[in-house]
> 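One structure, as structure tokens, below. Some questions next.
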There are 2 protein chains.
Amino acid sequence: MPPKPTVHKLGDLQLQIMKVLWTNTEASVPEVHKALAEETELAYTTIATMLRKMEVKGLVKHRVEDRKFIYKPLVKEQEVSEKMSAHFVDRLFEGSLADMVSHLLSTHEVSREELVKIEKMVAARKKKL
Amino acid sequence: MPPKPTVHKLGDLQLQIMKVLWTNTEASVPEVHKALAEETELAYTTIATMLRKMEVKGLVKHRVEDRKFIYKPLVKEQEVSEKMSAHFVDRLFEGSLADMVSHLLSTHEVSREELVKIEKMVAARKKKL
DNA sequence: GAGGTAATACTACTTAGGTAATAGTGTAAA
DNA sequence: TTTACACTATTACCTAAGTAGTATTACCTC
């Protein structure tokens, strides 16, 4: 098994699959397929193949139970979000979080509630310095 | 020429190249190559090939001048950042800017200055609602 | 025990990004 | 006028993601 999967560049489908696994802690192929069916129209075998590839890559592992493959994540959601975010901020905003937020604020739809939430988080973070 | 390049998923190299073009408003292949030489060790032809591919994709166009290809961006930096950010926030945080910021704040190194900057931006944004 | 059903196994193909070697060409210098 | 230089053109590979068809297997039901 490969030790360190390069977790900062997961494809869209892989990420969707991971999200299902994170939410359910584990899932069989049919379960993943069903969970994604609402968003996309993918063949059953597509999911199965992808999971197999993801296992080779070290993102998930499986055990057999009841003639079914039960897949479990091998990487934490926290870690993936972290790596992906860091990579993204680096790539696009040279690592400046402020630039990123600035950009998002000026282009993204944001509700007052979200703004308040952000303010609170920033304030809290400031105290920790 | 393709009308709408899918601007929300540029590869790393393509983005680096675009950044050079945006900064210089336009650039020849040697110029791009030189600009990127500080960050990576890429063959001259790699840059040339990539620019050709990017032209096919509709990201850039070129004119000939003095026997050289001068490439110009066909998409604005603003637009690319916007699309890429939106896609990213959607993919990873189900579109919630607050979740994204929360995550970044808790995992990313942030200086006091950055926090202050963000606070100001949020406050300014709130007034616009 | 025959057959249907639900899984997995295998194989294959397409596309895009990335990387680069080699071949060709035209201009300027010697 | 020959050659070297600086570009572009052509071609080729590799990898990863995504997508899925076909083959196989095993179990369950009648």
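Fair warning: this is a prediction, and the values are worked out from it, not measured in the lab. First the proteins, then the strands, lettered A, B, ... as listed; each starts at 1.
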> I need the CZ-C1' distance between B/Arg52 and C/dA21, as an integer number of Å.
14 Å
> Of the listed nucleotides (C/dT11, D/dA17, C/dT22), which one gets closest to any side-chain atom of A/Thr49?
C/dT11
> Tell me whether the OP1 or OP2 atom of D/dT25 has a side-chain N or O from A/Arg67 closer than 4.0 Å.
no
> Rounded to the nearest Å, what distance is computed from the CG atom of residue A/Asp66 to the P atom of nucleotide D/dA26?
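Going from A/Asp66 (CG) to D/dA26 (P), I get 15 Å.
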> Between D/dT8, D/dG18, D/dA20, which nucleotide gets closest to the side-chain atoms of A/Lys53?
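Nearest nucleotide to the side chain: D/dG18.
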> Looking only at side-chain atoms of A/Thr45, point me to the closest of C/dA20, D/dG21, C/dG17.
D/dG21
> In the structure I gave you, are the side-chain heavy atoms of B/Leu13 and B/Thr46 within less than 4.5 Å of one another anywhere?
yes
> Between A/Leu42 and B/Lys68, who's closer to the 5' end of DNA chain D by nearest nucleotide?
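That would be B/Lys68.
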> Quick one: is B/Thr46 getting a side-chain N or O under 4.0 Å of the C/dA20 phosphate, OP1 or OP2?
yes
> Send over the distance from A/Arg63 CZ to C/dA7 P, rounded to a whole Å.
16 Å
> Tell me what A/Ser28 touches on the nucleic acid: a base, only sugar-phosphate, or nothing, going by heavy atoms under 4.0 Å.
nothing
> Under a plain distance cut-off of 3.5 Å, with no hydrogens placed, do B/His62 and B/Glu55 share a side-chain donor-acceptor pair?
yes
> In whole Å, what is the span from the CD atom of A/Glu39 to the P atom of D/dG18?
13 Å
> Which pair of heavy atoms, one from A/Glu114 and one from A/Glu109, lies closest together, and at what distance?
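Smallest heavy-atom distance, with atoms named: OE1-O, 4.1 Å.
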> Are B/Lys9 and C/dG17 close enough that a side-chain N or O sits under 4.0 Å from OP1 or OP2?
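B/Lys9 to C/dG17 OP1/OP2: no side-chain N or O under 4.0 Å.
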> Would you say C/dA21 has OP1 or OP2 under 4.0 Å from some side-chain N or O of B/Tyr44?
no
> Tell me: CZ of B/Phe69 to C1' of D/dA9, nearest whole Å?
9 Å
> Indicate, with a heavy-atom threshold strictly under 4.0 Å, whether B/Ala48 touches base, sugar-phosphate, or nothing.
nothing
> Is any side-chain N of the basic residue among B/Lys117 and B/Glu113 closer than 4.0 Å to the acidic one's carboxylate O?
no
> Would you kindly give the NZ-to-C1' distance between A/Lys57 and D/dT15, to the nearest whole Å?
11 Å
> For the pair made of CE in A/Met50 and C1' in D/dA16, what is the distance, rounded to whole Å?
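Going from A/Met50 (CE) to D/dA16 (C1'), I get 8 Å.
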> From CG of A/Leu51 over to P of C/dA7, roughly how many Å is that when rounded to an integer?
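It works out to 14 Å between those atoms.
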> Can you confirm whether the side chains of B/Lys57 and B/Gln14 place a donor and an acceptor under 3.5 Å from each other?
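Yes, because at least one side-chain N or O of B/Lys57 sits under 3.5 Å from a partner of the opposite role on B/Gln14.
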